[in-house]
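Down below is the structure, laid out as C-alpha cells.
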Protein chains: 4
Amino acid sequence: MTAAMELVAENGFHGAPMAMVAERAGVSVGTIYRYFETKDDLIVETYADLERRIYSCMLEKFPDKRPIRDKFLHIAKTLLLYCISRPMDYKFLEQFHHSPYGTAHKRERVFGKKCDSIVWKLFQEAMVEGIVEDLPLVVLLELAFSPVLAMARDHILGFVELDEEMIGRAVEGCWRAIAR
Amino acid sequence: MTAAMELVAENGFHGAPMAMVAERAGVSVGTIYRYFETKDDLIVETYADLERRIYSCMLEKFPDKRPIRDKFLHIAKTLLLYCISRPMDYKFLEQFHHSPYGTAHKRERVFGKKCDSIVWKLFQEAMVEGIVEDLPLVVLLELAFSPVLAMARDHILGFVELDEEMIGRAVEGCWRAIAR
Amino acid sequence: MTAAMELVAENGFHGAPMAMVAERAGVSVGTIYRYFETKDDLIVETYADLERRIYSCMLEKFPDKRPIRDKFLHIAKTLLLYCISRPMDYKFLEQFHHSPYGTAHKRERVFGKKCDSIVWKLFQEAMVEGIVEDLPLVVLLELAFSPVLAMARDHILGFVELDEEMIGRAVEGCWRAIAR
Amino acid sequence: MTAAMELVAENGFHGAPMAMVAERAGVSVGTIYRYFETKDDLIVETYADLERRIYSCMLEKFPDKRPIRDKFLHIAKTLLLYCISRPMDYKFLEQFHHSPYGTAHKRERVFGKKCDSIVWKLFQEAMVEGIVEDLPLVVLLELAFSPVLAMARDHILGFVELDEEMIGRAVEGCWRAIAR
DNA sequence: GATGAATGAGCGTTCATTCAT
DNA sequence: GATGAATGAACGCTCATTCAT
C-alpha cells in the first residue's frame with residue numbers, strides 16, 4: 001500500500017501500473033493480487049488506511065472540554081499539518097478525491113449518513129447549537145475544509161511557505177466562514 | 001475541443017481516447033493531429049479556452065464602481081453559477097486542476113506573476129488597501145475560491161441542491177474568511 | 001482468419017494467442033482488433049466462414065434429381081473429403097464444436113429452428129417421406145454425421161489411411177444406420 | 001481427481017486452475033503436486049480412472065454367451081446410459097478426447113496395439129468372423145461409437161430427451177452401420 | 001488538407017509451479 | 001507430509017501516434 005500510495009501520489013492512477021507498484025514494494029505482481037482482488041481494491045483499501053491514520057491523528061490532544069470553535073481549529077490545523085508533513089499522503093488523497101473512487105466514497109458518506117467520524121459529529125453538534133450558519137452540512141464542510149486541503153497542496157507544490165502562525169490565521173478564516 | 005471537453009468531463013482523461021474524441025467531433029483522428037500536436041496539447045488548449053469563457057462571464061455586469069467586497073461577491077457567485085449551469089465545463093476544470101497539467105499551469109501563474117486576470121488584480125488591490133487578512137495571495141485565493149468550486153462539485157454530484165439564497169450566504173462566508 | 005484457424009487447429013484456442021495470430025498474419029495485434037471486436041468474435045466469424053465454404057462445396061455437383069439416399073451419400077462424402085483435404089479446417093472445426101462456442105452455436109441451430117441448410121432440409125424431407133428411422137432429427141444427424149467427422153479426424157491423425165472406396169463403404173454404413 | 005474432473009467438466013481445462021482444484025478438494029495446491037507431477041499428469045490420471053470405471057460398468061451383466069450383436073448392443077447402451085447418468089464424467093471425457101491429451105492417448109492405443117479392452121477384443125472377433133464390414137478397425141469403431149457419444153452430448157445439453165426405447169433403436173442403427 | 005488503417009508498447013489480471021516453513 | 005505465499009511469464013485488449021493515400 002505504501003508503494004501504491006507513493007506512485008499514485010507522484011504520477012496519478014495511470015502512472016501507477018501494478019507492475020511498478022510491485023517492483024517498488026519489492027514483490028511480484030502476483031503477490032499483490034493475493035492481498036487485493038483488483039487494482040481498484042488496492043486503491044480503496046490504501047485510502048481507507050490513510051483516512052484512519054488521519055482521524056487517529058486528529059484524536060491526539062483533542063480539546064474535549066473546550067468550545068466547538070477550538071475543536072474545529074484543532075481538527076483543521078491537525079489536518080493541514082498532517083498533509084504538509086506527509087506530502088505523499090496528501091497527494092494520494094487529492095488523486096483519490098477527484099476520481100470516481102472519491103466520488104463513490106463521498107456519495108456513500110453523504111447518503112449513507114455515515115456520520116460516525118469526529119468531524120461529522122462536531123459539525124452536527126455545531127448546527128444543533130446554532131453557532132454556525134444555517135447551511136447544509138455539506139456546504140459547511142466545504143467552506144471549512146476545502147481551503148485547508150487547497151493550502152496544503154499549494155505548500156507542497158511550493159506555491160507558498162506556510163508556517164505555524166499563518167496556518168493559525170488561515171484556519172481562523174475557515175472558522176469565520178462558517179461561524180454565525 | 002468541445003468533444004474533448006465533454007469526454008474528459010464524463011470519463012476522465014483515460015476515458016477520452018483520441019479516436020473517441022474524433023468520432024464525437026465528426027472528424028478523423030488525423031485531423032485532430034493537424035491542429036494539435038499531441039493529446040496533451042489538445043487538453044491544454046481546451047482548458048485555456050474554457051478559462052477565457054469564464055473570465056468573460058465574470059466581466060459581464062461587473063460592479064466596477066462598487067466596493068471590493070461587492071466585486072468579490074460578484075466574481076464568486078458568477079463562478080459558482082457558471083459551474084452549476086455547465087457541469088461539463090466544471091468537471092473538465094476539476095480533472096484539469098488535479099492533474100499534472102493543472103499543476104504546471106498554476107506554477108506558471110504563481111511564479112510567472114501573470115497577474116493579469118481580474119481576480120488577481122482585485123486581490124492585490126484588496127491587499128494593498130488592507131481590507132483583507134495579511135496572508136499570502138495564494139492563501140487568500142484558496143480561502144476564497146476553493147469552497148466555491150467544491151460546492152459546485154457537490155451540487156453537480158447531487159450532494160446538495162444549491163439555490164440563489166444559499167449561494168449568496170455561502171460566498172459571504174468566503175468573504176468573511178478573508179476579510180479583516 | 002486463416003492465421004487464427006491454423007493456430008487454433010494446431011494448438012487449440014489456448015495455443016492461439018492474439019499476438020501469435022497477428023504475427024502469423026503479418027500484421028500487428030491492434031490491426032486484428034480493428035476488424036474483430038474480441039478474440040471470441042474472431043473465432044466465431046472464422047467458423048462462420050468455414051461453414052459457408054463447406055456448404056458451398058456440398059452444393060457443387062449436388063444430385064438434385066436423384067433419390068434422397070444419393071443426396072445423403074453425396075453430402076457425407078463431400079464433407080469427409082473436404083475435411084481430409086483441408087486438415088486445418090477440420091481441426092479448427094473440431095476445436096470449435098467441442099467448445100462453448102460450438103455449444104452455443106448448436107443450441108441456436110436446434111432451438112432457433114434455423115433449418116435453412118441443405119442438410120437440415122434433406123433430413124426433414126427424409127423424415128416426412130418415412131424413409132429414415134422415426135427418431136428425433138438431432139439423433140439422426142449424429143448417427144449419420146458424427147462418424148464422418150470422427151473418421152476424418154482419424155485419417156488426419158494418421159490412425160487410418162482412407163481411400164475413395166473405403167469412404168464410399170463407410171458412408172453407406174452411415175446411411176444404413178438411419179435408413180428404415 | 002474428482003475435483004479436477006468436475007471443474008474441467010464444468011469449465012474446460014482453462015476453467016480448472018490448480019488453486020481451484022485444490023480448494024474444491026479441500027487440500028492445498030502443494031499437496032496436489034505431491035501426488036501428481038504436473039497438471040497434465042493430474043488430467044491424464046483422472047482420465048485413466050474414468051476409463052476404468054466405464055469398462056467395469058460394461059462388464060456388469062455382460063452377455064457372455066450371446067451373439068456378438070448382443071454384446072455390442074450391451075456395450076453401446078451401457079456407454080450411453082453411463083454418460084447420460086453422469087454428465088460430469090461425459091463432459092470431462094469430451095474435453096479430454098478433443099485435446100492434445102486425447103490425441104496422444106488414442107495414438108498410443110492405435111499404434112501400441114493395446115487391444116486389451118473388451119471393446120477392441122469384441123471388434124477383432126467380429127472382424128475375424130466376418131460379420132462386420134471389411135473396414136479398418138478404427139473406422140468400424142467410429143461408425144459404432146462416435147454417434148453414441150454424440151447422442152450423449154446432445155442429451156446432456158438438452159438438445160434431445162433420450163429414453164430407453166430411443167436408445168435401443170439408436171444403437172441398433174449403430175450396429176446396422178457396421179454389420180455385413 | 002483530410003483520412004483512418006496500422007502500429008506496438010503498455011496495462012490489469014491469471015495461473016502453473018516452487019519451496020521455505 | 002502438508003501448506004500456501006510467492007513468482008513472473010503470458011494473455012486479451014487499448015490507444016496515442018504515424019503516414020500512405
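In this text the structure is predicted, and so the values were computed from the model without any measurement. Numbers restart at 1 for each chain; the letters A, B, ... are given by sequence-line order, proteins then strands.
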Quickly work out the [X] [atom1] to [N] [atom2] distance and round it to whole Å.
X: Phe13(D); N: dC15(E); atom1: CZ; atom2: C1'; value: 16 Å
X: Asp41(D); N: dA16(E); atom1: CG; atom2: C1'; value: 14 Å
X: Leu7(A); N: dG12(E); atom1: CG; atom2: P; value: 11 Å
X: Lys39(D); N: dT14(E); atom1: NZ; atom2: C1'; value: 11 Å
X: Tyr33(B); N: dT17(F); atom1: OH; atom2: C1'; value: 5 Å
X: Ile32(A); N: dC11(E); atom1: CD1; atom2: C1'; value: 13 Å
X: Phe36(C); N: dT14(F); atom1: CZ; atom2: P; value: 15 Å
X: Arg34(B); N: dA2(E); atom1: CZ; atom2: P; value: 6 Å

Select one nucleotide: of dT17(F), dA6(E), dG1(E), the one nearest the side-chain heavy atoms of Tyr35(C).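 The listed nucleotide nearest to Tyr35(C)'s side chain is dA6(E).
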
Once Watson-Crick and G-U wobble pairs under 3.5 Å are found, how is DNA chain F written in dot-bracket notation, 5' to 3', with | for any base paired to another strand? .||||||||||||||||||||

Non-hydrogen side-chain atoms of [X] and [Y] separated by less than 4.5 Å:
X: His105(D); Y: Glu51(D); value: yes
X: Asp49(C); Y: Glu45(C); value: no
X: Leu157(A); Y: Lys91(A); value: yes

Using a strict heavy-atom distance below 4.0 Å, which residues from residues 17-27 of chain D are in contact with DNA chain E?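 Heavy-atom contacts with DNA chain E come from Pro17(D), Met18(D).
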
Gly15(D) vs Val29(B), nearer the 5' end of DNA chain E by closest nucleotide: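 It is Val29(B) whose nearest nucleotide is closer to the 5' end.
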
Mapping Gly30(A) and Glu37(B) to their closest nucleotides on DNA chain F, which lands nearer the 5' end?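 Closest to the 5' end, via its nearest nucleotide, is Gly30(A).
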
Derivation and outcome, side-chain contact (heavy atoms from CB on, under 4.5 Å), residues Tyr82(D) and Leu50(D): CA-CA 11 Å; Tyr82(D) 182 93; Leu50(D) 171 56; 3.6 Å; yes

For Arg153(C) and Thr103(D), which I'm curious about, is there any donor-acceptor pair between the side chains at under 3.5 Å?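 Their side chains do contain a donor-acceptor pair, which is all the 3.5 Å distance test asks for.
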
Would you say dA2(E) has OP1 or OP2 under 4.0 Å from some side-chain N or O of Ser28(B)?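 No, Ser28(B) has no side-chain N/O under 4.0 Å of OP1/OP2 on dA2(E).
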
Taking 4.0 Å as the cut-off, does a side-chain nitrogen or oxygen of Thr31(D) come that near to OP1 or OP2 on dT3(F)?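 Yes, within the criterion.
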
Minimum heavy-atom separation for Phe13(B) to Lys39(B), with atom names?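 Shortest heavy-atom separation between Phe13(B) and Lys39(B) comes out as O-NZ, 3.0 Å.
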
Contact summary for Ala22(D) and Ser28(D), nearest pair of heavy atoms: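 In terms of heavy atoms, the two residues are closest at CB-C, 3.7 Å.
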
Strictly under 6.0 Å, is that where the ring centroids of His97(D) and Tyr47(D) end up?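 Distance test on ring centres: under 6.0 Å, yes.
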
Treating Tyr90(C) as the side-chain partner and Leu149(C) as the backbone partner, does any N or O pair qualify as donor plus acceptor under 3.5 Å?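 Checked: pair present.
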
